[in-house]
Chemist: 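Sharing a structure, written as structure tokens. Questions coming.
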Amino acid sequence: MSSGNGAAPGPPPGSGVVPALGDAALLLRAEGVTKNYGPSIVLRGLDLQIARGEVLALVGDNGAGKSTFIKILSGFHAPTSGTLYWEGRATVLTSPTQARALGIETVYQDLALVNDLTVAQNMFLGREPIKRVLGVLPLTDAKAMRLRTREFLDQVGIRLASVDSLVRDLSGGQRQSIAVARAMQSQPKLLIMDEPLAALGVREGAHVLDLVQEIRRRREVSIILIVHNYSQIFQVCDRINFLFAGEIVLDVATSAITEEELIRMVKAGLGAQAAARPAGSGS
Amino acid sequence: MKNLTAAAPAPVPAGRPPVRPGLGDRLKVLIRYPETGITAVAIVIAIVFEALNNAFLSSEVPVLLASTAQYGLIAVGEAMLMITGEIDLSAAKIYSTTPFFAFYLSAAGVPWPAAVPLALVGAAGIGWVNGFITVRLGVPSLIATLGMLFLLNGAILTVSHSQPARTPESFINVLLGSDQQNAGTGISQIAAFLWLVAIALAFAVVLRRTRFGLHTIAVGSNLLAARELGIRTQRTKILNFVLMAVLAGFAGIIEACASGSIDPSAGDNTLTLYAIASAVIGGTSLFGGSGTVIGALIGAFVVASLNDGLPLVGAQAGFADVPLGIAIVVAMILNIKLTALRVRQV
């Protein structure tokens, strides 16, 4: 890790608890992760860690390697080298299904929603509950899917006319909320959100941020949030990791830096500076 | 997440008080079903033909239903495959090849009742090859199956020396539409149609109520999303190619049993095109993701009605392709427009 003190997550507001970075507190640690696509090197020894219940902002320019790293965490791509430690154990993620089984849920930028299926069908896509009709025929349990979708959306405060609506017919904010709700319903340990606010209006974005705030307040789920808007980072994140040319070059608690300082550093060519000094030293 | 309840915004009361839907609302509900349009068209066609020729429904039904079954069995497979975003142009050739598989197995000593299912396994193999070339080797299905079309055509004409063979006699042939041992009962004439109805209903359930069916829709609607969610997209597509081929092969076996002969030229390529037309006018989109198996069945009835019915009411043979051509394009336009209308309603 290129970080110093800044690696420690800031105290959750109001909780008074500072998560220690012992093995028990650590949910995920990536060590020296590299990824090459043929001759092109996308990740060059990325080190990152996230504690249980922590919200980590992963920022960086387009092409810095954010999406590639997320695809590795989601089990889509194998790293070229490096190790992922999940709950203290070295883990090789071989498929999205395995990542999900471990408790890693990802809300992709494209939301991974299927327009031609209903909200309820989308909520359970890939892990539909099955009931055996006449003891043999494995049919999806449509009633249970509808019921559980309705219950879950009520819980997270998402309002929809019907869970039988086709996703094609929903607004951008509703679609985003459905994608987040789907990721949360399996009670993941780590939720990865790839630019969840990019395509949303102010009001819809605020609702999604409220959703993230609520998840964070409970401190049950760690979140890696890829987001470009710095004020949104300071609203909901404990810590910022800045990715530049395939490496984390800055690792700092949001409590140790102000938004203005962060913007100034980025403008001043953060990549080169941060590489030359201990990251996480704040302003 | 269970604890979220406490801090989440107050739950919204589910639903609105029940209001008795008016006629307008009911029509709007009907628009949601892609089968609505084709069902209306089928009813209008039946009424018009019956008005023009009183004997149409009474005397022509068995012929009409037999043709419907031929188009429909393949159309069901094409509809499923088109929902995944693929298409099979070799269906008619699988239709003509499969009975020959059974025939040669029978000639080699395999009892006909065993040769038929084994031949369907052979058809499945052809479908698997189509799927493998499309999905694993990245060849567009239009090209992969076009190649298969010519390959099968050439192979079967060569092997059979372009000569038809006699369908071996067996008790199972009656179940498959033969009237050899069942003359006059009439059941044989609609056996193929009954198979179609049973198979279409089964596939309608498969499409909407099984994991495989939902994954079929997902793969065609948003392939990337399906992959991201861990759905085995390649397997789903290949399985649909296999099912397509088995249905085409089964239609061929039924034709062989009904006609008593196995004809290498039976699977004319227009059969594939009629089947695709049936699926399209039945409400299946060529863009993938949306479609209906029941619509394909009704679409097959409409295609058969135009083909068999128009000559009966005085039209020249071959004229049926004119309204059919128009129907295909109009159906596609309606599909696009109705989808837009539905989105505006919500």
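Sequence lines set the chain letters: A, B, ... in the order given, protein chains first and strands last, and positions in each chain run from 1.
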Chemist: At a 4.5 Å cut-off on heavy atoms, which part of A/Leu113 comes close to chain B: side chain, backbone, both, or neither?
Modeler: backbone
Chemist: Any chance you could lay out the side-chain contact (heavy atoms from CB on, under 4.5 Å) test for B/Leu229 and A/Arg182, step after step, and finish with the verdict?
Modeler: CA-CA 11 Å; B/Leu229 292 170; A/Arg182 176 174 64 188; 3.5 Å; yes
Chemist: Measure distances from B/Val205 to the heavy atoms of chain A and classify the residue's part below 4.5 Å as side chain, backbone, both or neither.
Modeler: side chain
Chemist: Looking at B/Gly213, B/Ala218, B/Ala226, which one has more heavy-atom pairs under 4.5 Å with chain A than the rest?
Modeler: B/Ala218
Chemist: So, do B/Arg211 and A/Ile130 sit near enough that their side-chain heavy atoms are less than 4.5 Å apart?
Modeler: yes
Chemist: Indicate the atoms forming the closest heavy-atom contact of A/Ala112 with B/Ala225, along with that distance.
Modeler: CA-CB, 3.3 Å
Chemist: For A/Pro138 and B/Thr210, which heavy atoms make the closest approach, and how far apart are they?
Modeler: O-CG2, 4.2 Å
Chemist: For A/Phe234, does the CZ atom sit with more than 12 other heavy atoms under 6.0 Å from it, leaving out its own atoms?
Modeler: yes
Chemist: Counting heavy-atom pairs closer than 4.5 Å to chain A, which one of B/Gly220, B/Gly289, B/Ser221 comes out on top?
Modeler: B/Ser221
Chemist: Looking at every non-hydrogen atom in both residues, tell me the closest pair between A/Met145 and B/Leu214 and how far apart they are.
Modeler: CE-CD1, 4.4 Å
Chemist: State, with a plain yes or no, whether a side-chain heavy atom of A/Thr140 is found less than 4.5 Å away from one of B/Arg208.
Modeler: no
Chemist: Is any side-chain heavy atom of A/Lys131 closer than 4.5 Å to one of B/Arg209?
Modeler: yes
Chemist: Which atoms of A/Gln121 are under 4.5 Å from chain B, going by heavy atoms: the side chain, the backbone, both sets, or neither?
Modeler: side chain
Chemist: Measure across A/Val114 and B/Ile217 and return the closest heavy-atom pair with its distance rounded to 0.1 Å.
Modeler: CG1-O, 4.4 Å
Chemist: Please check if atom CH2 in B/Trp195 has more than 12 non-hydrogen atoms from other residues, nucleotides or ligands closer than 6.0 Å.
Modeler: no
Chemist: Identify which part of A/Arg127 has an atom lying under 4.5 Å from any heavy atom of chain B, answering side chain, backbone, both or neither.
Modeler: backbone
Chemist: Identify the residues of residues 232-243 of chain B whose heavy atoms come closer than 4.5 Å to a heavy atom of chain A, ordered by number, or report 'none'.
Modeler: none
